[in-house]
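Worksheet for the structure shown next.
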Amino acid sequence: MTATTRTRVPAGASHATAPAPSASGLRARRAAKRRQLTAAGVLMTPFFALLVTVFLIPVGTAVHLSFFSDDQPGLGFGPERRIFVGLRSYAAVLTDPTFLGGLGTVALYCLIYIPLMVVGALALALLLDSGVVRLRAFAQLGLFLPHAVPGIIAALIWLYLYTPGISPVIELFAKGDITIDFLGVHTVIPSIVNIALWSNLGYNMVVFYAALQAVPREVIEASVVDGAGPVRTALQVKTPLVRASIVMVSIFTLIWALQLFTEPMLLSQSSPMISSRFSPSMYIYDAAFTRNNYSLAAAASVVLLVCTIALSYGVTRLTSRADVAEEAR
């Protein structure tokens with residue numbers, strides 16, 4: 001008689017137990033993970049090197065300079081020494097009416113320039129994408145070419161067109177008994193906005209046009225089948241699908257607008273309405289290279305940086321809340 005042995009399996013236990021990973025398998029996984037981390041580190045090294053070199057080091061230097069100032073004891077005849085002044089430079093900047101006036105000027109410039117830039121570039125991109133414009137490639141090239149002109153050259157071109165006595169534009173208006181002072185007290189900011197639009201409108205148009213090319217054609221065809229016309233398709237179908245590009249262009253335009261410098265600096269040679277401290281960037285330049293007050297210039301730079309970061313963060317938060325509210329509907 002043969003005895004049969006039975007193995008009792010505990011309740012809840014699986015009949016097929018997965019084999020434990022072997023030591024060689026664990027080593028292979030760890031080696032693969034190390035290779036991935038090494039590859040990621042190598043690929044990210046150039047980014048972090050540029051970040052440290054062109055951003056963190058200059059910002060750290062500016063913050064350091066803002067807390068110190070050069071002083072000459074003995075009625076200015078003693079040896080120059082650097083002393084710690086704390087927040088004195090920041091207090092001087094924030095109580096200086098010329099700096100606060102420059103912030104107000106840049107705020108007005110942004111209120112005019114940013115909506116015109118974003119709406120104008122988006123409208124041009126929608127026109128090109130709709131197929132209404134013929135010779136699309138030549139139209140893109142013609143609109144983008146002004147961006148290839150350096151900012152200084154563009155400002156010089158428009159300075160020539162704004163200067164009375166040599167400007168063919170002013171002479172043409174004069175023949176119709178129309179007198180326009182492009183660099184007057186009420187027109188100097190619109191004139192600067194015009195230069196910035198001429199230089200950057202085509203570039204942002206290309207950004208929007210590239211985003212529109214990624215919109216699924218099936219969505220557009222479905223809107224046409226539903227009876228949507230070209231205008232409704234552009235505003236209610238295409239525009240919401242490129243919202244991310246609109247936010248990106250708005251933030252970049254805001255950052256560049258807050259650093260307004262080249263155009264007013266060159267136009268100041270022909271207009272008394274543009275002072276040496278017309279914008280915060282010009283205030284920083286004047287403090288550093290005209291008054292040789294590097295502590296004041298560094299403090300103003302830090303204040304401008306904080307304003308730029310705060311406004312950019314505010315725009316990002318507002319758009320994120322708008323996206324969440326729209327998804328919740």
Side-chain angles (χ1 to χ4, degrees), residues 55 58-59 62-63 66 89-121 147 151-152 154-155 158-159 162 182-201 203-204 246-291 293 296-319:
F55 182 75
V59 169
V63 172
S66 66
S89 297
Y90 291 96
V93 168
L94 296 176
T95 57
D96 191 339
T98 57
F99 181 79
L100 298 178
L103 287 178
T105 300
V106 167
L108 179 59
Y109 172 79
C110 291
L111 288 176
I112 300 174
Y113 171 61
I114 295 176
L116 289 177
M117 171 60 71
V118 175
V119 174
H147 182 72
I152 296 178
W158 284 99
L159 177 61
Y162 289 157
F182 289 106
L183 301 177
V185 62
H186 298 298
T187 56
V188 63
I189 292 181
S191 297
I192 296 174
V193 169
N194 176 63
I195 299 175
L197 286 174
W198 183 81
S199 300
N200 300 314
L201 191 65
Y203 174 81
N204 291 317
I246 295 175
V247 174
M248 181 192 69
V249 169
S250 300
I251 292 176
F252 286 168
T253 304
L254 172 64
I255 292 173
W256 285 109
L258 291 174
Q259 302 174 22
L260 179 65
F261 179 79
T262 303
E263 294 84 359
M265 176 62 75
L266 289 177
L267 295 180
S268 64
Q269 308 299 321
S270 299
S271 174
M273 298 295 105
I274 303 177
S275 65
S276 60
R277 306 175 194 178
F278 181 80
S279 67
S281 295
M282 292 179 66
Y283 179 94
I284 295 168
Y285 180 87
D286 178 75
F289 301 107
T290 302
R291 292 177 282 168
N293 192 337
L296 189 68
S301 301
V302 174
V303 172
L304 181 60
L305 174 64
V306 171
C307 292
T308 303
I309 293 175
L311 289 174
S312 302
Y313 177 76
V315 172
T316 304
R317 290 288 297 174
L318 287 175
T319 53

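All of these numbers come straight from a predicted model, not from anything done at the bench. Computed over heavy atoms, backbone and side chain alike; hydrogens, waters and symmetry mates excluded.
The side-chain heavy atoms of Y162 and I195, taken from C-beta on, include a pair separated by under 4.5 Å. With a 4.5 Å cut-off on side-chain heavy atoms, F278 and I189 count as touching. Inter-residue side-chain proximity for F99 and L296 is flagged as unmet; no heavy-atom pair is nearer than 4.5 Å. At least one side-chain heavy atom of P280 sits less than 4.5 Å from a side-chain heavy atom of L103.
Here the side chain of S191 pairs no donor or acceptor atom with the backbone of L183 at under 3.5 angstrom. Between the side chain of S268 and the main chain of M265, a donor-acceptor pair closer than 3.5 Å is present. Not a single donor-acceptor pair under 3.5 Å links the side chain of T290 to the backbone N or O of A287. Of the possible polar contacts, none joining the S270 side chain to the L267 backbone as a donor-acceptor pair under 3.5 Å is found.
A299 approaches S89 most closely through the heavy-atom pair CB-CB, 3.8 Å. Taking both residues in full, the closest heavy atoms of A300 and I284 are given as CB-CG1, 3.7 Å, listed atom of the first, atom of the second, then distance. Smallest separation of non-hydrogen atoms from V106 and S279: CG2-CB, 3.9 Å. S250 approaches I246 most closely through the heavy-atom pair OG-O, 2.7 Å. When every heavy atom of I112 is checked against every heavy atom of P115, the shortest pair comes out as O-CD, 3.8 Å.
Between the OG atom in S312 and the CG atom in L258 there is a gap of 7.0 Å [rounded to 0.5 Å]. Taking OG1 from T253 and CG from L116, the interatomic distance works out to 11.5 Å, rounded to the nearest 0.5 Å. Distance check: L311 CG to I255 CD1 gives 10.0 Å after rounding to the nearest 0.5 Å. Rounding to the nearest 0.5 angstrom, the gap separating the CE atom in M282 from the OG1 atom in T262 is 10.0 Å. Interatomic distance, CG of N204 versus CE of M248, reported as 8.0 Å (0.5 Å rounding). The distance from the OG atom of S199 to the CH2 atom of W158 is 9.0 Å, given to the nearest 0.5 Å.
Annotation for Y203: atom OH does not count as buried by contact number, only 12 or fewer foreign heavy atoms lying within 6.0 Å. Heavy-atom neighbours of I152 CD1 from other residues, nucleotides or ligands within 6.0 Å: at or below the threshold of 12. Atom CH2 of W198 has more than 12 neighbouring heavy atoms from other residues, nucleotides or ligands inside a 6.0 Å radius.
Relative ring orientation between Y113 and Y109 is described as parallel, the plane-to-plane angle staying below 30° on a 0-90° scale split at 30° and 60°.
Between the side chains of T98 and Y283, not a single donor N or O lies within less than 3.5 Å of an accepting N or O.
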